[in-house]
Amino acid sequence: MKSGFIALTGRPNVGKSTLINKIVKEKVAIVSNKPQTTRDRIKGILTLNNTQYVFIDTPGIHKPKHLLGESMTNSAIGTLREVDIVMMILDGTEPIGTGDKYVYDRIIESGAEITIAIINKIDKLSDDDIINKKIEIENELGEFNEILCLSAEYGINIVEMLKKVEKYMEEGVMYYPEDMYTDMPMYKMITEIIREKIIWHTEEEIPHSVAIEISHVEKHKDAKDRFDINIYVERDSQKGIIIGKEGKLLKKIGTESRKEIEFLLERKIYLNLWVKVKEKWRTQKPFLKDLGYIFEE
Ligand SMILES: Nc1nc2c(ncn2[C@@H]2O[C@H](COP(=O)(O)OP(=O)(O)OP(=O)(O)O)[C@@H](O)[C@H]2O)c(=O)[nH]1
Ligand SMILES: [Mg+2]
């Protein structure tokens, strides 16, 4: 039996979460076209032919502007020291920039023994683009044990990537049952689904200013369970936008979220969403702790 922990790291928006979902063939991480979508580490477990891969999706490493951003970046960087293999994901459609160099330096600093660069989004690249990107990685960043290319979104080269990674994995125990694909608690999946729908339907600062909390759950044996959810934003104007004209946007967010949660729970539910203003919550340590974004004292 082989097993190992593999961190997925990189700048925001390069496709880390899309990749972890594709690997485990389940939705464990939410995805959007806006940067800084992932806020926690998320495990995606794949057990295949006597090999257990434990992938860890992490928040995109960026220059933090508040305590939440700082805790996201710290949790991503901290993960690098705790894994067997570090995989740096790069957006193949963009030139390598200071953000990627910053990530690479953190990987080197972590003392990672096995490093793999992944050129993602090759569905948008020609063969020449891929060759040039490999050269660019070697010149602009530095050495990796492997440089691989794939498309997380279209599932190109995923199996090949897993085979390459397996070569670097060592004899080990099964950390999780064979059919387990994540260790994320159900309540967390529920809040993430709602946050994703809000990110999809809002722009600019709103996706970053939203936090979700389950305030109350009522379980019923013979009727639908009821979930009361608080959606926190930082300003009154943001509250107005999320609710929308005649409550239309909030209704849409509610319906889309409810359908996905019902699919996950395999039962019908009532989902009640309450939008609340909590000024500057992203800078407030006690609140960030309540949300599970900060652990230490
Ligand atoms: N064309 C193309 N788009 C992709 C691919 N993989 C991811 N994307 C898109 O890239 C965007 C970002 O994807 P995410 O998976 O959320 O990126 P991330 O690295 O997890 O981002 P953060 O959580 O913000 O750090 C989304 O719009 C995806 O649909 C790919 O292989 N090809
Ligand atoms: Mg992500």
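When a residue number appears, it is its place in the shown sequence, counting from 1. In each ligand, atom 1 is the first atom listed, and ligand 1 is the first ligand listed.
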Nearest protein heavy atom with distance in Å, relative to [atom]:
atom: atom 17 (O) of ligand 1; answer: Gly15 N, 3.1 Å
atom: atom 10 (O) of ligand 1; answer: Lys121 NZ, 3.0 Å
atom: atom 13 (O) of ligand 1; answer: Thr18 OG1, 3.4 Å
atom: atom 28 (C) of ligand 1; answer: Glu153 OE1, 3.5 Å
atom: atom 25 (O) of ligand 1; answer: Lys16 NZ, 2.8 Å

> Checking salt bridge (Lys or Arg N to Asp or Glu O under 4.0 Å) for the pair Lys259/Glu262: CA distance, chi angles, key distance, verdict?
Replying inline: CA-CA 5 Å; Lys259 285 185 181 157; Glu262 287 176 340; over 6 Å; no
> Is the closest heavy-atom distance from Ser32 to ligand 1 below 4.0 Å?
Replying inline: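 Yes, Ser32 has a heavy atom closer than 4.0 Å to ligand 1.
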> If two hydrophobic side chains count as joined below 4.5 Å and joins carry through other members, does Ile147 share a cluster with Leu90?
Replying inline: yes
> Side chains of Ile45 and Phe55: does their closest heavy-atom pair fall under 4.5 Å?
Replying inline: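 Answer no - side chains too far apart.
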> What about Val14: any of its N or O atoms under 3.5 Å from an N or O on ligand 1?
Replying inline: yes
> Between the main-chain N or O of Trp281 and the side-chain N or O of Glu234, is there a donor-acceptor pair closer than 3.5 Å?
Replying inline: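 The answer is yes, because a donor-acceptor pair under 3.5 Å joins these two groups.
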>> Under a 3.5 Å distance rule, please check whether Asp100 uses its side chain to pair with a backbone N or O of Gly97 as donor and acceptor.
In response: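 Looks like yes, one N/O pair under 3.5 Å.
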>> Tell me how many protein N, O or S atoms are within a distance shorter than 2.8 Å of the Mg ion (ligand 2).
In response: 2
>> Using a 4.0 Å cut-off to any heavy atom of Asp123, which atoms of ligand 1 qualify?
In response: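 Near Asp123, meaning under 4.0 Å from one of its heavy atoms, ligand 1 has 1 (N), 2 (C), 30 (C), 31 (O), 32 (N).
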> Between Phe5 and Tyr53, is the gap from one ring center to the other below 6.0 Å?
Replying inline: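 No; Tyr53 has its ring centre 6.0 Å or more from that of Phe5.
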> Between atom CD1 of Ile118 and atom OG1 of Thr9, what is the distance when rounded to the nearest 0.5 Å?
Replying inline: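 Reported value, rounded in 0.5 Å steps: 12.5 Å.
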